[in-house]
Amino acid sequence: MEKIARHVERIREIPESALPPVEESPATPFREDHPVAADGYAELTANSSGLSHRHVAVPRVVE
Amino acid sequence: VTAPGIADSTSEIRFRRRSAEEHVRAAFPEILRRDRTVRAFLCLDQEHAIAQARAVDRRIAAGEDLPLAGVLVAAKDNMAVSGLPETCASRILEGFHPGYDATAIARLKSAGAIIAGKTNLDEFAMGSSTENSAFFPTRNPWDLERVPGGSSGGSAAAVAARQVPASLGSDTGGSVRQPAALCGVVGYKPTYGRVSRFGLTAFASSLDQIGPFACSVEDAARLYAVMAGTDPRDSTTVSVPVGDPVGACSRGAGGLRVGVLAEAFVEGVDPEVAKNFDAAVEVLRKLGARISSVSVPRSPYAIPIYYVIANAEASSNLARFDGIRYGPRRPAATLDGFYEAQRTAGFGREVQRRIMIGTFALSAGYADAYYGRASRARALLAEDFASAFASVDVIVCPTSPVPAFRIGERSEDPLAMYLADIYTTPASLAGLPAISVPSGFSSAGLPLGLQLVGPRFADETVFAGAAAFERETRFGDALPPVAR
């Protein structure tokens, strides 16, 4: 790891004046929340792996 | 028996002189026999291939004209193929079946290609020798005691051994071009954004590109032409027209402005590689190319820049492999302990080393000094290339500073292994198209490669120059002992 670290340090040999300026990343834009109508139960069950007593059945994890 | 080129392979099937199923049944025994020594494949599934072949036969019977009808293609085991497992040569993904096709695979299948199996690689594509596979090293068909290069060593070896006429690899810092050179086949890395990365397990997302291996430049162009193009599932793909890469192969090199990389001869370059490169430049001159020297001043910094950026991205991308979604679970008392147990047992030494380097490069207090500085230096390197391409059409240099080395020779010295990518990382960092074409043999009979690099989206120019060189030299026609 020391040899690798020393090699990586070579990027410091490039003079600061030659490098393009630091670009500040723009902040992540937050979108406004917009409530939408949805039939939660129908959507959930349509995308579920199966139902048990009207609840989504989570597949058993076998170790 | 040797696997024919793509044009030979397809014509019999397209014109219905032989069915794709017959072709697959005839090819598989030899693929399996050769793999007993080369060990290019992690997974070979004849029944899966036959099922694909039957589908191809049905489409041909229905009147479809398929440009890659019946062509057996091997895929590096870091891209999704429906019906086959995917390991990335890592224990952490054992038992994972993606259940869908990567876009590149889907496009090849749509053109009639048949996926023969999944090939070995350095774990998560991290390495230059395929020794970092968690399962076994692949052997170079030209000398079974030597490495095939990496990280796409299995795909390169499978084509070199003529098990299949073509294969796919992924190139992050040279992982298609370097093994192509060491195995004596053609390997192509497209311009970044040309080929969709959807379904390719991410290593370093700003660098990864899928590229073909083949026995000839024209065959590599055929695969590229099918795979390239925009994909709504990968926002980094570009809508620049692909053009006619296969047609470009017959253009010739007359008048091509070829720049010889002034920084090519660095410390550690094998004298035979240097001599071979000089001879290759003379061939291009004889073909009518206009040769000049061109400088890319920051190219000597490409390795440190690459190993900061690629490892930083890898440390983020590989965070998803925590034992929750993929792979076997090892018991632990706490959640932190659970993550530690999975990642300690699941990742090999090189992957752990790179995650540590990348995490350090991104850590608070060091990110500006390492990741930030490397990103700015990368932009400078891209500007250097842009300036160089104002006066030349392609830049040439050796693909690898050394021929294939012995298995185990460099495995305890990771820095020496990293330096195998000294000629390939600059084009990767700048997102440029680059090809490795066979350029001859060392005195020990090991293949050597010439690399041609073009400006962004000048993929056709790169194919044109490489094909002209290939027609004149025909080094790629030589067969390794295992394929004779």
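Here is how names work: the chains are called A, B, and so on, in the same order as the sequence lines, proteins then strands, and each is numbered from 1.
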Side-chain heavy-atom pair Val8(A), Tyr370(B) within 4.5 angstrom cut-off | yes
To the nearest 0.5 Å, how far apart are CD in Glu2(A) and CG in Leu415(B)?
-> 12.5 Å
In terms of heavy-atom proximity below 4.5 Å to chain B, should Ala5(A) be classed as side chain, backbone, both, or neither?
-> neither
Could you please spell out the steps behind the side chain to side chain contact (heavy atoms under 4.5 Å, CB included) verdict for Met1(A) and Phe360(B)?
-> CA-CA 12 Å; Met1(A) 283 292 264; Phe360(B) 174 75; over 6 Å; no
Decide side chain to side chain contact (heavy atoms under 4.5 Å, CB included) for Ile4(A) and Tyr307(B); before the verdict, give the C-alpha distance in whole Å, the side-chain angles of both, and the deciding distance to 0.1 Å.
-> CA-CA 9 Å; Ile4(A) 297 168; Tyr307(B) 278 95; 5.8 Å; no
Are Arg298(B) and Glu13(A) close enough for a salt bridge, meaning some N to O gap below 4.0 Å?
-> no
Under the side chain to side chain contact (heavy atoms under 4.5 Å, CB included) rule, what do Ile303(B) and Arg10(A) come out as? Steps first, then yes or no, please.
-> CA-CA 9 Å; Ile303(B) 291 283; Arg10(A) 287 196 60 205; over 6 Å; no
Hey, does Tyr418(B) have a side-chain heavy atom less than 4.5 Å from the side chain of Lys3(A)?
-> no
Does any heavy atom of chain A fall under 4.5 Å from the side chain of Asp413(B), the backbone, both, or neither of them?
-> side chain
Given a strict heavy-atom distance threshold of 4.5 Å, which part of Leu419(B) is in contact with chain A: side chain, backbone, both, or neither?
-> side chain
State whether Arg376(B) and Glu23(A) are salt-bridged, where the test is any N-O pair (Lys NZ or Arg NE/NH1/NH2 against Asp/Glu carboxylate O) under 4.0 Å.
-> no
Between CD1 of Ile309(B) and CD1 of Ile11(A), what distance do you get to the nearest 0.5 Å?
-> 8.5 Å
Contact part of Tyr306(B) toward chain A, heavy-atom cut-off under 4.5 Å: side chain, backbone, both or neither?
-> neither
Is it the backbone or the side chain of Ala369(B) that comes under 4.5 Å from a heavy atom of chain A, or both, or neither?
-> both
